[in-house]
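Each remark here refers to the structure printed beneath this line.
Start at 1 and go down the list; that is how both ligands and their atoms are numbered. Everything numeric in this text was worked out from a predicted model, so none of it was measured.
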Amino acid sequence: MQETLRIAVQKSGRLYEGSMKLLKECGIEVSNGNNQLRVIAANFPVEVFFLRDDDIPEYVQDAVADIGFVGENVVSEKNKEVDSIEKLGFGKCRLSLAVPKNGSMQSLNDLQGKKIATSYPFILSNFLKEKNITAAIHEISGSVEIAPKIGLADAICDLVSSGSTLFTNELKEIETILSSEAVLIKNKNLAAGKKNILESLLFRIRSVKKAKNNKYVLLNAPNDKLEVICGILPGMKSPTILPLAEPGWSSVHSVINEADFWNVIELLKTNGAQGILIIPIEKMII
Ligand code: PRT
Ligand code: ZN
C-alpha cells in the first residue's frame with residue numbers, strides 16, 4: 001500500500017476554510033461533503049483528519065496525525081513536542097491584554113495584583129513571569145471579553161483580529177503578547193516516505209504563497225525610458241522586453257512584490273510607463 005501523509009485540520013471554525021482553500025490551491029482534492037472525520041485525497045497521497053483545533057498539537061506529537069494546520073497561539077499554549085515549519089498566511093490575529101476603556105488601568109504595570117481572565121493560561125503566566133508581574137489568572141474557555149463587566153476579572157488576555165469585540169465590550173488593548181497565524185506543524189519523527197510527501201506538499205504551499213505575494217506587471221514604455229523602468233522592476237531574473245508594433249515603444253513584463261506595489265506603480269508612471277496592467281499570479285515556481 002502506498003504511504004500517505006495524515007494532515008490534521010480544524011473541523012469547523014475560523015481555520016477550516018483557509019485550510020481547505022490552501023489544499024485546493026495546492027491541487028489536492030479533498031471533498032468533505034458528508035461532514036466526515038477522515039477523508040482521503042483523490043489525487044495526492046494525503047489523508048485529512050478533521051479535529052478540534054485544541055487537539056491538533058497533541059495528535060501531531062503522538063503521531064495520530066503526521067502534520068497539522070493550526071494557530072501559532074494554540075501551538076504555544078499547548079506546548080507539545082512538535083516542529084512548526086511553515087507559516088500559512090491565514091488566521092492572522094494577536095493575543096493581547098485588554099482592560100476596561102474608562103477604568104484607571106493604563107499599562108502593563110497596572111495589572112500588578114489584579115485578576116486576568118483568559119483561555120491562554122500557559123502563555124499568559126510565562127509572559128507575566130517574564131515581566132515580573134504578579135497577577136491571578138482566571139481560566140475560562142469562552143466569552144472572555146465579558147469577564148470585566150460581570151466582575152469576574154479586572155482585565156482579559158484574549159485573541160483580537162479586527163478589534164470590534166473589544167470595542168463593543170468597552171475594552172482597550174494595552175499590550176500584545178503574541179502575533180499569530182495558521183502554521184504547519186509536524187511530528188518530530190516522520191518516516192522517510194512521509195517526509196518525501198511533506199516535501200512535495202511544502203513545495204506546493206510555498207509556490208502558492210509566493211504567487212499570492214506577487215503580481216505580474218505588463219506595461220508599455222518609450223525605448224529611451226527602458227533602462228530606468230527596468231531598474232524599478234527587478235523581476236524574477238530581469239524584465240522581459242518585447243518591441244511594440246509602434247516604432248520607439250516596447251512592452252515590458254515583470255513580477256513585483258505586493259508590498260512594494262503602490263510605490264512601484266507611482267514610480268513607473270512618473271517615469272513614462274503607460275497602459276500598466278496588473279495580473280494576479282496563480283502559482284509561482286522559482
Ligand atoms: O471548535 P474548535 O475548538 O476547533 O474552535 P475554537 O472555537 O477554539 O476556535 P476558533 O474557530 O474560534 O479559532 C480558531 C483559530 O483561529 C484560533 O486559535 C486563532 O488561531 C485563529 N483566529 C484568528 C481567531 C481569531 N482570528 C479571532 N478573532 N480565533 C478567535 N478569534 C476570536 C477572539 O477569541 C474574540 O472572541 O474573535 C474575537 C475577536 O475578534 P475581533 O475581530 O472582534 O477582534
Ligand atoms: Zn478550540
Side-chain angles (χ1 to χ4, degrees), residues 6-23 30 32 35-39 48-62 64-65 67-80 82-101 116-127 137-150 152-186 205 209 212:
R6 295 159 305 168
I7 310 180
V9 162
Q10 191 189 23
K11 184 175 182 326
S12 62
R14 287 186 159 86
L15 301 182
Y16 173 78
E17 263 176 35
S19 304
M20 298 309 280
K21 184 163 167 261
L22 179 62
L23 289 174
V30 181
N32 189 23
N35 206 12
Q36 300 163 80
L37 296 181
R38 184 175 155 234
V39 178
V48 181
F49 292 176
F50 296 96
L51 304 164
R52 281 201 60 200
D53 69 342
D54 313 69
D55 298 332
I56 292 176
E58 186 167 354
Y59 280 133
V60 170
Q61 171 189 271
D62 298 347
V64 176
I67 67 166
F69 296 169
V70 67
E72 291 175 290
N73 52 308
V74 173
V75 179
S76 298
E77 179 62 26
K78 300 296 171 188
N79 195 29
K80 301 289 178 196
V82 296
D83 295 327
S84 291
I85 52 173
E86 184 80 21
K87 290 185 192 254
L88 300 175
F90 60 90
K92 289 189 181 166
C93 56
R94 54 194 186 273
L95 184 67
S96 290
L97 284 162
V99 295
K101 199 159 47 187
I116 310 171
T118 190
S119 309
Y120 294 86
F122 181 75
I123 298 176
L124 178 59
S125 67
N126 282 336
F127 177 79
I137 297 176
H138 187 85
E139 185 179 350
I140 45 180
S141 59
S143 304
V144 175
E145 64 279 0
I146 60 163
K149 209 173 266 176
I150 59 172
L152 203 63
D154 304 298
I156 66 162
C157 161
D158 198 12
L159 297 176
V160 181
S161 46
S162 68
S164 69
T165 302
L166 293 185
F167 184 80
T168 21
N169 288 282
E170 297 177 331
L171 297 166
K172 65 173 181 223
E173 257 178 295
I174 53 166
E175 184 93 12
T176 298
I177 298 182
L178 173 103
S179 291
S180 176
E181 66 183 86
V183 66
L184 190 157
I185 56 169
K186 79 174 228 335
I205 290 175
K209 274 173 60 186
K212 276 190 191 148

* Say you draw a straight line from CG of N126 to CG of N79; how long is it, rounded to the nearest 0.5 Å? -> 8.0 Å
* **Gap between atom OG of S143 and atom CD1 of I150 - 0.5 Å precision** => 9.0 Å
* To do: Would you please test S96 and E173 for side chain to side chain donor-acceptor pair (under 3.5 Å) and show each step?
  => CA-CA 6 Å; S96 290; E173 257 178 295; 2.6 Å; yes
* When you look for heavy atoms under 4.0 Å from ligand 1, do you find them on the side chain of L159, its backbone, both, or neither? -> both
* Enumerated ligand 1 atoms positioned under 4.0 Å from heavy atoms of G13 -> 11 (O)
* Asked: In Å and rounded to the nearest 0.5 Å, what is the CD1 to CZ distance from I137 to F122?
  -> 11.0 Å
* **Nearest-contact summary for atom 1 (O) of ligand 1 - protein heavy atom, Å** => R52 NE, 3.7 Å
* Asked: How many angstroms lie between CD1 in I177 and CG in N73, if you round to the nearest 0.5 Å?
  -> 11.5 Å
* Counting no waters, how many protein N/O/S atoms sit under 2.8 Å from the Zn ion (ligand 2)? -> 2
* Apply the test side-chain contact (heavy atoms from CB on, under 4.5 Å) to residues S119 and V144: give CA-CA distance (whole Å), side-chain angles for both, the deciding distance (0.1 Å), then the verdict. => CA-CA 7 Å; S119 309; V144 175; 3.5 Å; yes
* Asked: So is there a nitrogen or oxygen of S180 less than 3.5 Å from a nitrogen or oxygen in ligand 1?
  -> no
* Decide whether an N or O pair under 3.5 Å exists between S162 and ligand 1. => yes
* Return the residue, atom name and 0.1 Å-rounded distance of the protein heavy atom closest to atom 26 (N) of ligand 1. => C93 CB, 3.4 Å
* Asked: Which protein heavy atom lies closest to atom 13 (O) of ligand 1, and at what distance to 0.1 Å?
  -> R14 CB, 3.8 Å
* **Close side-chain approach of Q61 and K78, heavy atoms under 4.5 Å** => no
* To do: May I ask you to establish whether K80 and Y59 are in a cation-pi arrangement, using a distance under 6.0 Å from NZ or CZ to the six-membered ring centre and at most 45° from the ring axis?
  => no
* To do: Name the closest protein heavy atom to atom 5 (O) of ligand 1, giving the residue it belongs to and the distance to 0.1 Å.
  => Q10 NE2, 2.9 Å
* Asked: Quick one: are K87 and E72 in side-chain contact, heavy atoms under 4.5 Å?
  -> yes
* Structure fact -> re atom 20 (O) of ligand 1, the protein heavy-atom contact at minimum distance is N73 OD1, 2.6 Å
* **Atom indices of ligand 1 within 4.0 angstrom of D54 heavy atoms, with elements** => 3 (O), 8 (O)
* Asked: How many angstroms lie between atom CD1 of I205 and atom CG of L23, to the nearest 0.5 angstrom?
  -> 7.5 Å
* **Top protein contact for atom 28 (N) of ligand 1, by heavy-atom distance** => S161 OG, 2.9 Å
* Asked: V160 heavy atoms, cut-off 4.0 Å: which ligand 1 atoms fall inside?
  -> 44 (O)
* Any N or O on G163 sitting closer than 3.5 Å to an N or O of ligand 1? -> yes
* Look only at the side chain of S19 and the backbone of V9, and say whether a donor-acceptor pair between them is shorter than 3.5 Å. => no
* Asked: Side chains of F127 and L97: does their closest heavy-atom pair fall under 4.5 Å?
  -> yes
* For ligand 1, which atoms, with element, lie under 4.0 Å from some heavy atom of V74? -> 18 (O)
* Asked: Quick one: nearest non-hydrogen protein atom to atom 8 (O) of ligand 1, plus distance?
  -> D53 OD1, 3.3 Å
* Structure fact -> Logged contact type for T165 with ligand 1, heavy-atom cut-off 4.0 Å, is both
* How far is atom 34 (O) of ligand 1 from its nearest protein heavy atom, and which residue and atom name does that atom have? -> D158 OD1, 3.4 Å
* **Non-hydrogen side-chain atoms of F90 and K21 separated by less than 4.5 Å** => no
* To do: Provide the number and element of each atom of ligand 1 under 4.0 Å from a heavy atom of G71.
  => 20 (O)
* Asked: Is the closest side-chain heavy-atom distance between V160 and T165 below 4.5 Å?
  -> no
* Asked: Which of these, I185, I56, V183, sits in a side chain to side chain contact (heavy atoms under 4.5 Å, CB included) with V82?
  -> I185
* Structure fact -> Checking heavy atoms under 4.0 Å, the part of S164 that sits near ligand 1 is both
